[in-house]
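Here is the structure we will look at, set down as structure tokens.
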Amino acid sequence: MQLVGVQLDIAWEDRAANFARVAELLSRHRPAPGALVALPEMFASGFSMNVERIAESEARATETFLCGMAGEYGVYLVGGLVTIGEDGRGRNEAVVAGPDGRVAARYQKIHPFSPGREAQHYAGGESIATFDWGAAIVSPFVCYDLRFPEVFRAAAQRGASVMVVIANWPSARAEHWVTLLRARAIENQAYVLGVNRCGRDPFLAYPGRSLIADYRGEILADAGANEGVISADVDLAGQAKYRDELPFLGDAKRDLSGLWGPSGEARNPEPGNPK
């Protein structure tokens, strides 16, 4: 089983150019049949707040492209796109197309990036999503979600052993990106595929640094700063053995409500008990 990340310099609000670039990269770095392949957040447009311009129309061009590429290569393909909800606000989604050329899963970004005004234009989702990838369960996330470990733990409790994070993560916080991806892998004993964009948009620079971390948090592949494709093999048997030997997930408290007082404030520790 192969994880693949496709890192590109997204052309600003130019769907056709981005489709062509993804198709070229995949043709040059052909993924193995059955692989799990991921593209960045909003790969067809860049991280734009111009929802009406970049959102899917009735023709669903970006979704159709993802399904076509997934069917052509016989892979699971995760890519970011924008839809518009009934309230008129955008939905920043990770859509998963399967080898049969159909949508296998759809996830709406739970945490819009409020410092970048995303929350003014996009509504946050309310639940995680999972899908089956062979013997593995996969959960997709989008960019700012990476800062919220509780949603990743919820995915692990649902059985996820592989987590995918698609992003437009800026250069100013590149080390946060790498550190948090490794942390999510370590604490959930999961493979984590993080796929970021590189280059620039009209507002920010992006470092790339798409990477694959294994269930111990070790980096198996790092794309660096330029366009390209990374890949790594998944060892589910080794992961299962590691989880059995170090049952961190089983030891985790599933209900944390007892740690909070009735007002929602954290309880003070008892006198003489620093823990």
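- Pairs engaging residues 207-231 under the ring-ring contact (aromatic ring centres under 6.0 Å, His included) rule: Y191-Y215, Y215-Y242 [sequence neighbours left out].
- In this structure, the side chain of Q189 engages the main chain of L246 through a donor-acceptor pair within 3.5 Å.
- For E227 and R21, the salt-bridge test passes: some basic side-chain N is under 4.0 Å from an acidic carboxylate O.
- Between the side chains of R53 and S48, no donor N or O sits under 3.5 Å from an acceptor N or O.
- Between L39 and the choices L77, V195, I166, the side-chain contact (heavy atoms from CB on, under 4.5 Å) rule is met once, by L77.
- A pairwise comparison of heavy atoms in A38 and L193 identifies CB-CD2, 3.8 Å as the closest pair.
- A salt bridge links E118 with K109; the closest basic N to acidic carboxylate O contact falls under 4.0 Å.
- Residues Y107 and N92 bring no donor and acceptor atom of their side chains to less than 3.5 Å of each other.
- Distance check: Q239 CD to D235 CG gives 8.5 Å after rounding to the nearest 0.5 Å.
- Distance check, rounded to the nearest 0.5 Å: OG of S231 to CD1 of I212 gives 6.0 Å.
- Put simply, CZ on F43 and OG on S45 are 9.0 Å apart, with the number rounded to the nearest 0.5 Å.
- Close placement of the F148 and Y144 rings is indicated, their centers lying within 6.0 Å of each other.
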**OP:** Show the numbers, then the answer: is there a side-chain contact (heavy atoms from CB on, under 4.5 Å) between Q2 and V234?
**Re:** CA-CA 6 Å; Q2 183 185 59; V234 170; over 6 Å; no

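- The CG atom of D132 lies 7.5 Å from the OH atom of Y76; values are rounded to the nearest 0.5 Å.
- What you find for L204 and P170 is that their closest heavy atoms are CD1-CB, 4.2 Å.
- Heavy atoms only, all atoms of each residue included: C198 and N226 are closest at SG-C, 3.8 Å.
- The neighbour count for E126 CD, taken as heavy atoms of other residues, nucleotides or ligands under 6.0 Å away, does not exceed 12.
- With respect to the salt-bridge test (charged N to carboxylate O, under 4.0 angstrom), the residues E72 and R30 do not qualify.
- Of the N and O atoms on the side chains of E56 and T83, not one donor lies less than 3.5 Å from an acceptor on the other residue.
- Atom CZ of R173 and atom CH2 of W177 lie 12.5 Å apart (nearest 0.5 Å).
- Interatomic distance, I128 CD1 to Q108 CD, rounded to the nearest 0.5 Å: 14.0 Å.
- Using a cut-off of 4.0 Å between Lys/Arg side-chain N and Asp/Glu carboxylate O, R153 and E187 are scored as not salt-bridged.
- In plain terms, the two heavy atoms of A55 and I84 that are nearest each other are CB-CG1, 3.5 Å.
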Original post:
Q7 and I230: side-chain contact (heavy atoms from CB on, under 4.5 Å), yes or no, with the steps?
Top reply: CA-CA 8 Å; Q7 179 169 292; I230 57 171; over 6 Å; no

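- With hydrogens and angles ignored, the 3.5 Å screen pairs no side-chain donor or acceptor of N196 with any backbone N or O of S210.
- Summarising the geometry of A136 relative to V162, their closest heavy-atom pair is CB-CG2, 4.2 Å, with the distance given to 0.1 Å.
- When the side-chain contact (heavy atoms from CB on, under 4.5 Å) test is applied to A213, the partners found at least two apart in sequence or on another chain are A185, L211.
- For CZ of R102, the number of neighbouring non-hydrogen atoms (other residues, nucleotides, ligands) closer than 6.0 Å is 12 at most.
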